[in-house]
Protein chains: 2
Amino acid sequence: MPKSASEPAVRPSLTRERIVLAAIELVEREGEDALSMRAVAAELGVAVMSLYNHVPNKADLLSGVAQHVVAGMGLPDDSADDWKTRARALIWAFRRAAHDYPECINIVLTHSVDFPVGMRPAERALAIADAAGFDGATSVRIMRAMLAYALGAQMREIGAVKMLNDLPPDPSTLFAQLDPAEFPHVTALATELTEHDPETDFEFGLELLISALDALPRRS
Amino acid sequence: MPKSASEPAVRPSLTRERIVLAAIELVEREGEDALSMRAVAAELGVAVMSLYNHVPNKADLLSGVAQHVVAGMGLPDDSADDWKTRARALIWAFRRAAHDYPECINIVLTHSVDFPVGMRPAERALAIADAAGFDGATSVRIMRAMLAYALGAQMREIGAVKMLNDLPPDPSTLFAQLDPAEFPHVTALATELTEHDPETDFEFGLELLISALDALPRRS
DNA sequence: ACCTGAACACCGTTCAAGT
DNA sequence: ACCTGAACACCGTTCAAGT
């Protein structure tokens with residue numbers, strides 16, 4: 001019985017990569033709370049402790065998930081383009097990744113990603129700001145501000161951040177309970193607050209920031 | 001032995017409020033991970049299950065924490081002021097709350113707050129946008145964009161969001177490991193990326209957004 | 001080198017028993 | 001009405017035993 005190619009690898013050997021992928025599938029299918037070492041092991045048909053031969057602990061597994069998603073982020077760029085279109089492309093790439101892994105995105109945002117893959121988006125952002133004519137210190141600040149906006153918008157949209165979220169179980173009845181004297185604007189804008197298109201909202205804020213950058217003084 | 005005022009209430013009766021306060025103290029002192037029902041009970045010198053007479057479950061306790069912090073947010077406002085100064089005051093009030101409860105802020109952001117207290121900041125934001133001359137739909141979008149920025153900046157600063165965070169254990173050595181050919185801008189801006197003042201960064205993005213709003217067409 | 005079961009020290013929560 | 005201990009069904013992880 002030679003171990004030739006005719007023998008199908010029914011049970012591929014356990015690797016860190018397979019464990020990370022199983023974790024991602026599990027989270028996307030059953031939600032973040034369903035992620036336990038035991039559940040991942042069951043997903044792979046393996047004993048819990050086998051995982052620890054390839055992953056030091058759960059926190060490191062979560063970092064692996066973050067790493068995988070960030071590494072998979074498509075960062076298309078054409079340096080011949082206008083800096084504004086390049087900036088839009090970068091931010092939308094981040095948003096696309098967030099939409100590809102809606103359940104994982106909270107894990108991705110809250111765990112550090114190893115060098116150098118974690119620095120790729122930063123390098124791109126700084127390159128674009130440089131091309132736009134901003135000095136180094138300003139470029140760094142711009143990168144942080146854009147990132148802060150993209151992060152916050154995404155977390156709010158996903159529902160990871162619930163603060164000021166305007167979608168209670170039954171919006172209409174709850175808004176009706178508000179005292180119009182104390183909340184005149186909220187009650188007047190009840191429909192605008194409950195019905196909204198996330199894409200348009202995201203774009204609105206993004207364009208706000210880009211137009212502000214465009215008005216900033218810069219060299220050349 | 002009449003229960004007069006001379007008899008000090010050595011052990012004040014358990015209430016939801018006291019439980020929430022104990023949870024907040026515990027989190028601020030020992031971090032978010034230290035928050036367990038058992039630990040809160042120990043904090044109050046009470047059996048674990050006693051908590052359940054006043055709080056249905058842990059998730060509700062966390063919502064109570066969020067509720068308490070948001071309710072305590074000072075929202076000073078003078079409607080006679082310029083809308084720009086009013087907007088700045090509102091955003092900085094949010095930031096101040098985040099700094100008063102640095103360890104709790106993640107809980108606050110990720111748990112829904114009951115009506116009507118959760119709507120107070122929204123009402124304020126919409127009132128200011130209205131005063132600035134924006135129509136209802138635009139006001140809602142502005143509120144969301146400003147909130148997204150404030151949220152993202154805060155979570156990044158606190159370290160709750162680690163993505164693109166530029167503070168590895170030993171920055172200098174790690175940046176040195178990066179290939180300058182692949183990361184020319186990151187390596188060139190190593191010092192700007194590692195040394196930064198959070199206040200100035202926050203203000204930079206905030207003023208960016210406000211100046212963009214100022215340039216937007218509006219009535220009156 | 002890799003896998004595994006038993007065990008430990010934790011969780012949140014149900015239940016039945018107390019007052 | 002409020003408190004409580006025991007118990008249940010979970011966790012992540014250590015350890016010693018297997019191959």
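In what follows, chains carry the letters A, B, and so on, assigned in the order in which the sequence lines appear, proteins first and then strands, with residues in each chain numbered from 1. Computed from a predicted structure; not experimentally measured.
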Inset, instruction - Starting from P on C/dC10, measure out to CG on B/Asp33 and report it in whole angstrom. - result: 15 Å
Inset, instruction - Pick base, sugar-phosphate or nothing for A/Met37, based on heavy-atom distances below 4.0 Å to the nucleic acid. - result: sugar-phosphate
Legend entry - Side-chain N,O (A/Asn53) to OP1/OP2 (C/dC3) below 4.0 Å: yes
Legend entry - D/dA7: pairing nucleotide in any strand, Watson-Crick or G-U under 3.5 angstrom: C/dT13
Inset, instruction - Could you tell me whether B/Glu43 and B/Arg29 make a salt bridge, using a distance below 4.0 angstrom between a side-chain N and a carboxylate O? - result: yes
Legend entry - Protein-nucleotide distance (B/Met49, atom CE; C/dA16, atom C1'), rounded to Å: 12 Å
Legend entry - Between C/dC10 (C1') and A/Asn57 (CG): distance, integer Å: 16 Å
Inset, instruction - Examine distances only and state if a side-chain atom of B/Thr110 and a backbone atom of B/Asn106 form a donor-acceptor pair shorter than 3.5 Å. - result: yes
Legend entry - Nearest-neighbour nucleotide for the A/Ser36 side chain, C/dT14, D/dG12, C/dT13 considered: D/dG12
Inset, instruction - Among the candidates C/dG12, D/dG12, D/dT4, find the nucleotide nearest to the side-chain atoms of B/Ser50. - result: D/dT4
Inset, instruction - Would you tell me if any nitrogen or oxygen in the side chain of B/His54 comes within less than 4.0 Å of OP1 or OP2 on D/dA1? - result: no
Legend entry - Short side-chain to backbone donor-acceptor contact, A/Glu192 and B/Val140, under 3.5 Å: no
Inset, instruction - Using atom CD of B/Glu32 as one end and atom P of C/dC11 as the other, report the distance to the nearest whole Å. - result: 15 Å
Inset, instruction - Answer yes or no: is there an ion pair linking B/Arg144 with A/Glu157, defined by an N-O contact shorter than 4.0 Å? - result: no
Inset, instruction - Provide, to the nearest angstrom, the distance between the CZ atom belonging to A/Arg16 and the P atom belonging to C/dC3. - result: 15 Å
Legend entry - Closest to the A/Lys58 side chain, choosing from D/dT14, D/dG5, D/dT13: D/dT13
Legend entry - Atom-pair distance (OH on A/Tyr52; C1' on C/dG5), nearest Å: 15 Å
Legend entry - Minimum heavy-atom distance A/Thr187-A/Pro180, with the two atoms named: OG1-CA, 4.0 Å
Inset, instruction - Could you check B/Leu51 against A/Leu35 and say which one's nearest nucleotide on DNA chain D is further toward the 5' end? - result: B/Leu51
Inset, instruction - When you get a sec, tell me which of D/dA7, D/dC11, D/dT14 is the closest nucleotide to the side chain of B/Arg38? - result: D/dA7
